[in-house]
A.B. asks: 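Have a look at the structure that comes next, please.
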Amino acid sequence: EGNVTLVMQVRNLVSKGGYLFAQSTSAGSKAGRYFGLYMSAFSGSAVLYYVDHTSQPAQPRKVTFGIDLTDGRKYSLLLTVVDNGDVTFTVDDVQIGETASLGRGALQDCGGGGDAHTDGLAECQLFVGQRADYSPTGIPIGGAYRFQGILYHAAIYPRKTLSHFPVQL
């Protein structure tokens, strides 16, 4: 439980950054953001932004992976999160940097809790190619920091920790 791998094949436009994915709730503003993977053309790196739910109050944090994916080439990406909080980022079957230790419970999924009027999953939104952006009243108004390029494939492998890109998609 808690293990997950996100798999993507992408080709960014040259020198164009953007979110490959982001998970949020409909709570609005930064309070509803859980995590997202951003390709930064400015810093030439991939950045995992997340909200650390083990701190009180929950704090925004980031892990930077030193690789520029905004050069117009096609890449196969794996972002693997283990239930103890370890995160690895793999590009074309090569791990980028060291395994980041966020701590158990720091990176959480926003779905599944449920309440009286929803099953919890309705509140959880996965944005592909952008992150959520909200109006001042908390209503989703579309995406911000959009990915610019080609998204060939995206998949989530719950309860799996892949270390190599799957041969069969």
Side-chain angles (χ1 to χ4, degrees), residues 2-26 28-30 32-52 60-83 85-102 106-111 121 124-135 140-169:
N3 298 337
V4 64
T5 300
L6 293 111
V7 174
M8 301 187 102
Q9 278 186 318
V10 299
R11 180 189 314 260
N12 279 51
L13 291 179
V14 175
S15 299
K16 298 291 182 181
Y19 275 88
L20 292 180
F21 68 86
Q23 188 184 60
S24 299
T25 67
S26 58
S29 74
K30 292 182 181 179
R33 294 191 183 131
Y34 274 67
F35 59 86
L37 184 63
Y38 182 74
M39 302 296 111
S40 174
F42 178 73
S43 68
S45 59
V47 183
L48 174 66
Y49 289 100
Y50 68 100
V51 176
D52 182 350
R61 308 236 191 264
K62 69 179 180 177
V63 175
T64 302
F65 301 99
I67 185 168
D68 185 2
L69 301 174
T70 63
D71 59 4
R73 294 181 30 222
K74 181 178 179 180
Y75 292 101
S76 298
L77 312 175
L78 298 175
L79 182 73
T80 300
V81 181
V82 186
D83 65 356
D86 286 353
V87 176
T88 57
F89 185 56
T90 305
V91 177
D92 295 336
D93 285 334
V94 176
Q95 183 175 324
I96 305 303
E98 299 293 320
T99 297
S101 295
L102 310 182
L107 187 67
Q108 294 184 5
D109 185 9
C110 61
L121 297 177
C124 190
Q125 302 167 356
L126 181 67
F127 292 81
V128 177
Q130 63 188 27
R131 78 158 201 223
D133 204 9
Y134 296 93
S135 72
I141 57 173
Y145 302 99
R146 290 186 175 97
F147 166 76
Q148 297 178 56
I150 301 170
L151 174 61
Y152 296 97
H153 179 80
I156 299 172
Y157 289 82
R159 296 176 295 284
K160 294 193 186 285
T161 54
L162 302 180
S163 59
H164 298 287
F165 199 82
V167 175
Q168 297 291 338
L169 301 177

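Counting begins at 1 with the first residue of the sequence.
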A.B. asks: What is the minimum heavy-atom distance between Y75 and V91, and which atoms define it?
C.D. replies: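 For Y75 and V91, the tightest heavy-atom pair comes out as CD2-CG1, 3.5 Å.
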A.B. asks: Using the side-chain hydrogen bond (donor to acceptor under 3.5 Å, both in side chains) rule, pick out the option among H153, H164, Q9 that qualifies with S76.
C.D. replies: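 The residue from H153, H164, Q9 that satisfies side-chain hydrogen bond (donor to acceptor under 3.5 Å, both in side chains) with S76 turns out to be Q9.
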A.B. asks: When rounded to the nearest 0.5 angstrom, what distance separates CG in L78 from CG in D92?
C.D. replies: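 L78 CG to D92 CG: 9.5 Å, rounded to 0.5 Å.
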A.B. asks: Nearest 0.5 Å please: distance from the NZ atom of K62 over to the OG atom of S45.
C.D. replies: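 The NZ atom of K62 sits 7.5 Å away from the OG atom of S45.
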A.B. asks: Are any side-chain N or O atoms of N3 and backbone N or O atoms of D83, one a donor and one an acceptor, separated by less than 3.5 Å?
C.D. replies: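 Looks like yes, one N/O pair under 3.5 Å.
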A.B. asks: With no hydrogens and no angle check, just 3.5 Å: does a side-chain donor-acceptor pair link T5 and T80?
C.D. replies: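 Their side chains do contain a donor-acceptor pair, which is all the 3.5 Å distance test asks for.
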A.B. asks: Looking at every non-hydrogen atom in both residues, tell me the closest pair between A46 and L69 and how far apart they are.
C.D. replies: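 Residues A46 and L69, closest heavy atoms: CB-CD1, 4.5 Å.
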A.B. asks: State the OG-CD1 distance between S40 and I67, to the nearest 0.5 angstrom.
C.D. replies: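 Going from OG on S40 over to CD1 on I67, the span is 13.5 Å.
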A.B. asks: Work out which heavy atom in M39 is nearest to a heavy atom in T70; give both atom names and the distance.
C.D. replies: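 In terms of heavy atoms, the two residues are closest at CB-CG2, 4.3 Å.
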A.B. asks: Out of curiosity, I96 CD1 to T64 OG1, how far, rounded to the nearest 0.5 Å?
C.D. replies: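 Going from CD1 on I96 over to OG1 on T64, the span is 13.5 Å.
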A.B. asks: Would you check, one step at a time, whether the test side-chain hydrogen bond (donor to acceptor under 3.5 Å, both in side chains) holds for T88 with T99?
C.D. replies: CA-CA 5 Å; T88 57; T99 297; 5.5 Å; no
A.B. asks: Taking the side chain as every heavy atom from C-beta outward, state whether M8 and V128 have any atom pair closer than 4.5 Å.
C.D. replies: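 Side chain of M8 against side chain of V128, heavy atoms only: contact under 4.5 Å found.
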A.B. asks: Would you compute the distance between atom CG of L20 and atom CG of L48 and round it to the nearest 0.5 angstrom?
C.D. replies: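 One finds 11.5 Å between CG of L20 and CG of L48.
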A.B. asks: Could you check whether any side-chain heavy atom of F35 comes within less than 4.5 Å of a side-chain heavy atom of V81, counting everything from C-beta outward?
C.D. replies: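 No; the side chains remain at least 4.5 Å from each other.
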A.B. asks: Specify the closest pair of heavy atoms between R11 and F147, including all atoms of both residues, with the distance to one decimal.
C.D. replies: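 Closest heavy-atom pair between R11 and F147: O-CZ, 3.7 Å.
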A.B. asks: Please confirm whether the backbone N or O of G17 pairs with a side-chain atom of N12, one donor and one acceptor, at under 3.5 Å?
C.D. replies: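 Absent.
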A.B. asks: So, do V4 and I156 sit near enough that their side-chain heavy atoms are less than 4.5 Å apart?
C.D. replies: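 A side-chain contact under 4.5 Å exists here.
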A.B. asks: Name the orientation class of the two ring planes belonging to Y38 and Y145 (parallel below 30°, tilted from 30 to 60°, perpendicular beyond 60°).
C.D. replies: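 Perpendicular.
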A.B. asks: Could you check whether the rings of F89 and F65 sit parallel, tilted or perpendicular, using 30° and 60° as the cut-offs?
C.D. replies: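 If you compare the ring of F89 with that of F65, the planes turn out tilted.
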A.B. asks: Judged by atom type as modelled, is there a donor-acceptor pair below 3.5 Å linking the side chain of E98 to the main-chain atoms of A100?
C.D. replies: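 Looks like no, no N/O pair under 3.5 Å.
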A.B. asks: Just wondering, do V63 and V87 contact through their side chains at under 4.5 Å, heavy atoms?
C.D. replies: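 A side-chain contact is absent here, since even the closest heavy-atom pair is not under 4.5 Å.
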A.B. asks: If I compare all heavy atoms of S101 with all of D86, which pair ends up nearest, and what's the gap?
C.D. replies: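 Smallest heavy-atom distance, with atoms named: OG-OD1, 3.0 Å.
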A.B. asks: Just verifying a value: how many Å separate R61 CZ and Y49 OH, rounded to the nearest 0.5 Å?
C.D. replies: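 R61 atom CZ to Y49 atom OH measures 14.5 Å (nearest 0.5 Å).
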